[in-house]
Amino acid sequence: MTAQGLNRLEDAQLAARVAQDIPDGSYVNLGIGKPTHVSGYVPDGREVIYHSENGLLGVGPTPPEGAEDRELIDASKRFVTAAQGASYFEQSDSFAMMRGGHIDIAVLGAYQVAENGDLANWATLDDSFPPAVGGAMDLVVGVPSIFIMMRHVNRDGSPKLLKRCSYPLTGLGVVNRVYTDLAVLDVTKDGFRLVELTPGNSLDAVQAVTEARIHS
Amino acid sequence: MTAQGLNRLEDAQLAARVAQDIPDGSYVNLGIGKPTHVSGYVPDGREVIYHSENGLLGVGPTPPEGAEDRELIDASKRFVTAAQGASYFEQSDSFAMMRGGHIDIAVLGAYQVAENGDLANWATLDDSFPPAVGGAMDLVVGVPSIFIMMRHVNRDGSPKLLKRCSYPLTGLGVVNRVYTDLAVLDVTKDGFRLVELTPGNSLDAVQAVTEARIHS
Amino acid sequence: MNKTAESLAAAVAPIPDGAALMIGGFGSSGIPFGLIDALLEQGATGLTVISNNAGAGETGIAKLLKAGRVAKVICSYPRTPGSIWFEARYEAGEIELEVVPQGTLAERIRTAGAGLGGFLTPTAYGTLLAKGKETRIIDGRGYVLEAPLHADFALIRAEGGDRWGNLHFHATARNFNPVMAMAAKHSIAEVRSLQDTPLDPETVVTPGIFVQTVVEYGERP
Amino acid sequence: MNKTAESLAAAVAPIPDGAALMIGGFGSSGIPFGLIDALLEQGATGLTVISNNAGAGETGIAKLLKAGRVAKVICSYPRTPGSIWFEARYEAGEIELEVVPQGTLAERIRTAGAGLGGFLTPTAYGTLLAKGKETRIIDGRGYVLEAPLHADFALIRAEGGDRWGNLHFHATARNFNPVMAMAAKHSIAEVRSLQDTPLDPETVVTPGIFVQTVVEYGERP
C-alpha cells in the first residue's frame with residue numbers, strides 16, 4: 001500500500017479544511033504541532049475562543065518579534081498573546097474545563113486511529129524514549145467532538161487508519177472525525193464513513209491505503 | 001447531678017480563657033455562636049488570622065453601624081470587615097483549607113463530647129426540626145486542634161461530658177480540648193484529663209456533674 | 001460572542017418544570033435575587049433547589065418555597081434564622097430534603113463541573129450523613145465515597161461581567177457562585193455591572209466558558 | 001505575621017536530602033529559577049521532583065538533573081524539546097519516572113491539598129497509564145481511582161506577594177503554582193515583587209494560608 005498517485009492536501013490546505021468545521025462561538029483546544037495552525041484559517045466573521053491547557057482561555061495571535069511576554073505561552077510552548085475576553089487560571093481549573101465537557105472541539109494529531117474510535121497519539125512501541133502524555137488523555141475523555149488531523153499513511157506507506165490500534169491507546173472510542181491529506185472520515189458505530197475525498201481521489205484508491213474498511 | 005454551688009465562668013470569661021491558648025500567627029476558625037467571641041479576647045501583640053468558611057481568610061472587627069457592606073459576612077451571617085492581609089475565595093477552596101489541614105485551630109460549640117473524643121454538635125434526637133450541618137463535619141476531620149467551648153452541664157443539670165454520645169455524631173475521636181464554665185479538660189487516649197479547674201472548684205465537685213471519668 | 005440577555009425574564013425563560021437548579025449564595029450574600037424573582041414570575045415548578053441554605057424571611061429561595069415551586073432541597077444548612085417557609089413546607093411533608101455537609105456539597109458540585117466520577121472524603125465518616133454510602137479505610141483513616149452533583153441550570157450572582165461571560169465577585173458574595181457556574185449545563189449570571197470592555201484576564205474569577213447567559217441587575221441587597 | 005525570608009538561600013535551607021518536592025512551571029513559564037539555583041547551591045540530593053515537565057536546556061529542573069540530585073521524577077511531559085539532561089539520566093537508568101496525565105497530575109495535587117482521599121477520573125481508563133489501578137464503571141463509563149499526591153516542599157513562582165504569603169501571578173506563569181502551594185507541607189514562593197502593603201483581597205489567587213515562606217527575586221526569565 002502506498003499513497004503514490006493520490007491527490008494530497010498540503011498541510012496548510014488541511015488546516016484550512018479543518019477550520020471550515022469550527023463553528024462561530026465555539027470553544028476549541030488545538031493540540032501541539034499541526035493542529036495549532038487551524039486557527040489561522042477560520043473564516044472571517046467567526047469568533048472562536050481557543051483554550052490552551054497551561055491556563056489560558058482566549059489564545060490570541062503570535063506577538064510581533066521583540067514584543068513577546070516570555071511568561072505568556074501556549075501548550076506548545078510558543079509565545080502567544082491574550083485575545084479580547086481572555087482569562088488566566090491554574091491547572092486544576094484548566095483541566096476541569098477539559099474533562100468537564102465545557103470545551104466543544106479538540107483538534108489533535110495521531111499516530112493511529114481505529115475504526116472503533118480508539119486513538120493512539122502519545123507513545124509508540126519504541127520504548128527507548130521516555131513516554132510523555134501531557135493533556136491528551138484528559139482532552140479525549142472530556143471534549144465532545146474530537147477531530148484528528150494527520151497524514152493518511154505513514155512515511156513508509158503503512159496505514160494509520162486501522163482495524164485496531166497497535167500502539168498504546170490515548171483513549172477508547174473517542175474519535176469523532178478524521179481529516180487526512182486524502183479524505184475526511186467520520187467514526188460511526190459501523191466504523192469509518194466517508195465524508196469527502198480530496199478532489200481527484202477515488203474511494204477505491206483511498207481504501208487501498210487504508211487498513212480499515214471505509215463505508216460510503 | 002447539678003452544677004449548683006460550683007464556680008462558673010461567665011461567657012466572656014470563658015471566651016477569654018480560650019483566647020489565651022490561641023498562639024501568635026495561627027489560623028483559626030471560630031464556630032457559630034459563643035466561639036465567635038473568642039477573637040475579642042486574644043492578648044495584644046498576637047496576630048491571629050480568622051477563617052470564615054463562607055470564603056474569607058482574615059476576618060476583621062465588626063463594622064460600625066451604618067458602614068456595613070451587606071455582602072461581607074461571616075459564617076454566622078454577621079456583618080464583618082476584612083483584616084489586613086485578607087483574601088476572598090470560593091467554597092471549594094475554602095473547604096480545601098479546612099479539610100486539608102491548613103487551619104491550625106477550630107473552636108466549636110457542642111451538645112455532647114465523649115471521653116473518646118467523639119463530638120455531637122449538629123443534631124439532637126428531636127427530629128421535628130430539619131437537620132442542619134453546615135461546615136462542622138468538615139472542620140473536625142481537617143483541623144488538627146479542635147477546641148470545644150460549652151457549658152459543662154445542660155440547663156436541666158444533665159451532663160454533656162459523656163462516656164459515649166447519645167446524639168448523632170459530628171465526628172469520631174476528633175476533640176482535643178474542652179473548655180467549660182467549670183474546668184478545662186484534654187481528651188487523651190485514656191479519656192478526659194484535667195488541665196485546670198475554674199478557681200474555687202474541686203475536682204470531686206466537677207466530677208460529680210460529669211458522666212465520664214476525669215483523670216487528674 | 002455575546003452571552004448577554006436583554007432582561008431577567010429572557011434569561012430564565014428556558015428553565016422548565018422539574019429542573020435541577022443550583023442557586024448561589026450563603027446567608028444573605030451573593031444571592032441572585034433578580035433571577036429568583038424572574039423565575040417566580042416565569043412559573044417553573046417542581047424544582048430541585050441545590051443551595052447552601054433554604055432561604056430566610058420572604059426573599060430569595062424562601063419566595064420559591066412559599067409559592068410551592070420547590071419539590072426538593074439539597075443543602076447543608078436549612079435552618080438559617082428566619083427560614084420560616086422552608087420549615088413550614090418541611091413540617092407539612094411537602095418537600096424532600098437532602099442534607100449534605102457544606103464542604104462535601106461544594107466538592108460534589110466541583111466534581112460534576114470537573115468531569116470526575118466521585119471522590120473520597122473523610123468528612124461525615126461514621127456519622128448519620130454517611131449512612132448507606134460506600135466507605136473505605138486508607139492508611140487507618142475512614143473515607144466516604146461521594147458522587148458528583150449535577151444541575152440543569154445555575155443561577156449565579158456576580159459583581160461584574162462582560163459579554164464573554166467572564167465574571168468577578170464582591171467580597172464574600174463569591175461563596176458558591178463560581179463552583180456552581182462550573183457544574184450546571186446552563187449557567188445564568190446576574191451581574192451588578194455589565195461592562196462594555198472585557199474584564200482584565202488576570203482578575204477573572206469565573207472564566208466565560210462556564211457561563212451561558214449574562215444579564216445586568218444593578219441592585220445590591 | 002511575617003513569612004518573608006531574607007534570601008533565597010534562607011528560604012530553601014530546610015529542604016533535606018530525599019525530600020519530595022513540587023516545582024511549579026509549565027514549559028519556560030512560571031518556573032522558580034531563583035529557588036532552584038539556591039537549592040542546587042544548598043546541596044540537597046536524592047530528591048523526588050513533581051513537576052509538569054522535566055526541565056529543558058541547562059536551566060531550572062535540568063540543572064538539578066545534570067547535578068545528579070534527582071532520584072525520581074513524577075510528571076506528565078518529560079519530553080519538552082531540549083530535555084537533554086532528563087533524557088541522559090533516563091537512558092542511563094539513573095532516574096525513576098512516573099508519567100501521569102496532566103489533568104490527573106493537577107487533580108492528584110489538588111486532592112492532597114484539599115484533604116481528600118482520592119478521586120475517580122475517566123482519564124486514562126483502558127490505557128497503559130491505568131495499568132494496575134482500581135477501576136469502576138459508573139453509568140456505563142469507565143473511571144480510574146487516583147490517589148492524592150503529597151509533597152514535603154513546593155517551590156512556587158509568583159508575580160507579587162505580601163508578608164502574609166498572599167500571591168498573585170502573571171499570565172500563564174500561574175499554571176501549577178497555586179495548586180502545588182496547596183499540596184505541600186511547606187511551600188516556598190519566589191515573588192518578582194514583594195509588596196509592603198497587603199495585596200487586594202479580591203485579586204489574591206493563592207491565599208497566604210497555603211504559603212509558609214516568601215522571598216523576593218526580581219528577575220523575570
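Chain letters run A, B, ... following the sequence lines, proteins first and then strands; every chain starts at 1.
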Colleague: About how many Å separate CD1 of B:Ile73 and CZ of B:Arg78, when rounded to the nearest 0.5 Å?
Modeller: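 B:Arg78 CZ to B:Ile73 CD1: 11.0 Å, rounded to 0.5 Å.
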Colleague: Of the listed residues (C:Tyr90, C:Tyr125, C:Phe86), which shares the most heavy-atom pairs with chain B below a 4.5 Å separation?
Modeller: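 Looking at each of C:Tyr90, C:Tyr125, C:Phe86 in turn, C:Tyr90 comes out on top.
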Colleague: Which residue, B:Arg8, B:Gln13, B:Arg17, forms the side-chain contact (heavy atoms from CB on, under 4.5 Å) with B:Asp181?
Modeller: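 When side-chain contact (heavy atoms from CB on, under 4.5 Å) is applied between B:Asp181 and each of B:Arg8, B:Gln13, B:Arg17, only B:Arg8 qualifies.
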Colleague: May I ask you to decide whether C:Glu190 forms a salt bridge with C:Arg157, counting only side-chain N to carboxylate O separations under 4.0 Å?
Modeller: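 C:Arg157 and C:Glu190: salt-bridged.
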Colleague: Which of residues 198-214 of chain C get closer than 4.5 angstrom to chain B, counting heavy atoms alone?
Modeller: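 At a heavy-atom separation under 4.5 Å, chain B is reached by no residue of residues 198-214 of chain C.
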Colleague: Quick check: are there more than 12 heavy atoms from other residues, nucleotides or ligands sitting under 6.0 Å from CZ of C:Arg141?
Modeller: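 For C:Arg141, atom CZ is crowded (more than 12 foreign heavy atoms under 6.0 Å).
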Colleague: Can you tell which part of C:Asn52 gets under 4.5 Å to a heavy atom of chain B, answering side chain, backbone, both or neither?
Modeller: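 Neither the backbone nor the side chain of C:Asn52 comes within 4.5 Å of chain B.
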Colleague: Say whether, by atom type as modelled, one donor and one acceptor occur between the side chain of C:Arg136 and the main chain of C:Leu145 under 3.5 angstrom.
Modeller: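 Side chain of C:Arg136 to backbone of C:Leu145: no pair is present.
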Colleague: If you round to the nearest 0.5 Å, how far is CD1 of B:Ile105 from CG of B:Asn29?
Modeller: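 It is 11.0 Å, given to the nearest 0.5 Å.
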Colleague: Between CG of B:Leu169 and CG of C:Leu128, what distance do you get to the nearest 0.5 Å?
Modeller: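 If we round to the nearest 0.5 Å, B:Leu169:CG and C:Leu128:CG are 9.0 Å apart.
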Colleague: Run the numbers on B:His37 and B:Asp11 for side chain to side chain contact (heavy atoms under 4.5 Å, CB included), then give the verdict.
Modeller: CA-CA 9 Å; B:His37 300 293; B:Asp11 285 354; over 6 Å; no
Colleague: I'd like to know if the side chain of B:Asp74 reaches the main chain of B:Lys77, judged simply by a donor and an acceptor atom lying under 3.5 Å from each other, with no hydrogens or angles considered.
Modeller: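 At least one qualifying donor-acceptor pair exists.
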Colleague: Which bit of B:Ser76 comes within less than 4.5 Å of chain C, counting heavy atoms only: side chain, backbone, both or neither?
Modeller: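 Neither; nothing under 4.5 Å.
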Colleague: Under a 3.5 Å threshold, yes or no: a donor from one side chain and an acceptor from the other, between B:Asp156 and B:Ser158?
Modeller: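 Note: B:Asp156 and B:Ser158 side chains meet the donor-acceptor criterion.
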Colleague: Relative to chain C, which of B:Gly55, B:Ser92, B:Ser52, B:Ala82 shows the most heavy atom pairs under 4.5 Å?
Modeller: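 Option with the greatest count: B:Ser92.
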Colleague: What's the separation between atom CD1 in C:Ile36 and atom NZ in C:Lys63, rounded to the nearest 0.5 Å?
Modeller: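 Going from CD1 on C:Ile36 over to NZ on C:Lys63, the span is 8.5 Å.
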Colleague: Flag yes if more than 12 heavy atoms outside C:Lys133 fall under 6.0 Å of its NZ atom; otherwise flag no.
Modeller: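 Count over threshold, so yes.
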Colleague: What class does the angle between the rings of C:His186 and C:Phe153 fall in, given that below 30° is parallel, 30 to 60° is tilted and above 60° is perpendicular?
Modeller: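 Correct class here is tilted.
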Colleague: Using heavy atoms and a sub-4.5 Å threshold, report which of residues 172-185 of chain C line up against chain B, by residue number.
Modeller: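 Listed by number, the contacting residues are C:Thr172, C:Ala173, C:Arg174, C:Asn175, C:Phe176, C:Pro178, C:Val179.
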Colleague: For B:Phe95, is it the side chain, the backbone, both or neither that has a heavy atom under 4.5 Å from a heavy atom of chain C?
Modeller: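 For B:Phe95, the contact with chain C is made by the side chain alone.
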Colleague: If I measure from the heavy atoms of chain C, does B:Ser94 come under 4.5 Å with its side chain, its backbone, both, or neither?
Modeller: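 Nothing of B:Ser94, per the 4.5 Å heavy-atom cut-off to chain C.
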Colleague: If you check every heavy atom in residues 94-104 of chain C against those of chain B, which residues fall under 4.5 Å?
Modeller: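 Only C:Leu97, C:Val99, C:Val100, C:Pro101, C:Gln102, C:Gly103, C:Thr104 of residues 94-104 of chain C have a heavy atom under 4.5 Å from chain B.
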Colleague: Could you state the interatomic distance from CD1 (C:Ile50) to CG (C:Leu105), rounded to the nearest 0.5 Å?
Modeller: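 Result: 8.0 Å between the selected atoms.
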Colleague: For residues B:Leu57 and B:Ile49, determine if any side-chain heavy atom of one lies less than 4.5 Å from a side-chain heavy atom of the other.
Modeller: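 SC-SC contact between B:Leu57 and B:Ile49 confirmed.
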Colleague: Among side-chain atoms of B:Asn116 and B:Asp118, is any donor-acceptor pair under 3.5 angstrom?
Modeller: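 Side chains of B:Asn116 and B:Asp118: pair found under 3.5 Å.
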Colleague: Measuring heavy-atom distances to chain C, does B:Pro168 have an atom under 4.5 Å in its side chain, in its backbone, in both, or in neither?
Modeller: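 Just its side chain gets close to chain C.
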Colleague: Would you find a donor on one side and an acceptor on the other, under 3.5 Å apart, between the side chain of B:Thr180 and the backbone of B:Arg151?
Modeller: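 Side chain of B:Thr180 to backbone of B:Arg151: no pair is present.
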Colleague: We want to know whether B:Asp190 and B:Thr188 form a side-chain donor-acceptor pair, criterion being a heavy-atom distance below 3.5 angstrom.
Modeller: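 No pair is found: no donor N or O on one side chain lies under 3.5 Å from an acceptor on the other.
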Colleague: What part of C:Arg79 is in contact with chain B, defined as an atom under 4.5 angstrom from a non-hydrogen atom: side chain, backbone, both or neither?
Modeller: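 For C:Arg79, backbone and side chain are both near chain B.
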Colleague: Measure B:Arg70 against the heavy atoms of chain C and call it side chain, backbone, both or neither at under 4.5 Å.
Modeller: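 The answer is both parts of B:Arg70.
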Colleague: In Å and rounded to the nearest 0.5 Å, what is the CG to CZ distance from B:Leu56 to B:Phe89?
Modeller: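 If I round to the nearest 0.5 Å, the distance is 6.5 Å.
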Colleague: Might you point out which heavy atoms bring B:Gly45 and B:Asp24 nearest each other, and give the distance in Å?
Modeller: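 Closest pair (atom of B:Gly45, atom of B:Asp24, distance): O-OD1, 3.9 Å.
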Colleague: Within residues 143-150 of chain B, which residues come under 4.5 Å of chain C, heavy atom to heavy atom?
Modeller: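 Those residues of residues 143-150 of chain B which would need a heavy atom under 4.5 Å from chain C do not exist here.
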Colleague: For C:Leu47, run the side-chain contact (heavy atoms from CB on, under 4.5 Å) check against C:Asp152, C:Leu39, C:Leu65, C:Val73 and tell me which one passes.
Modeller: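 The passing option is C:Leu39.
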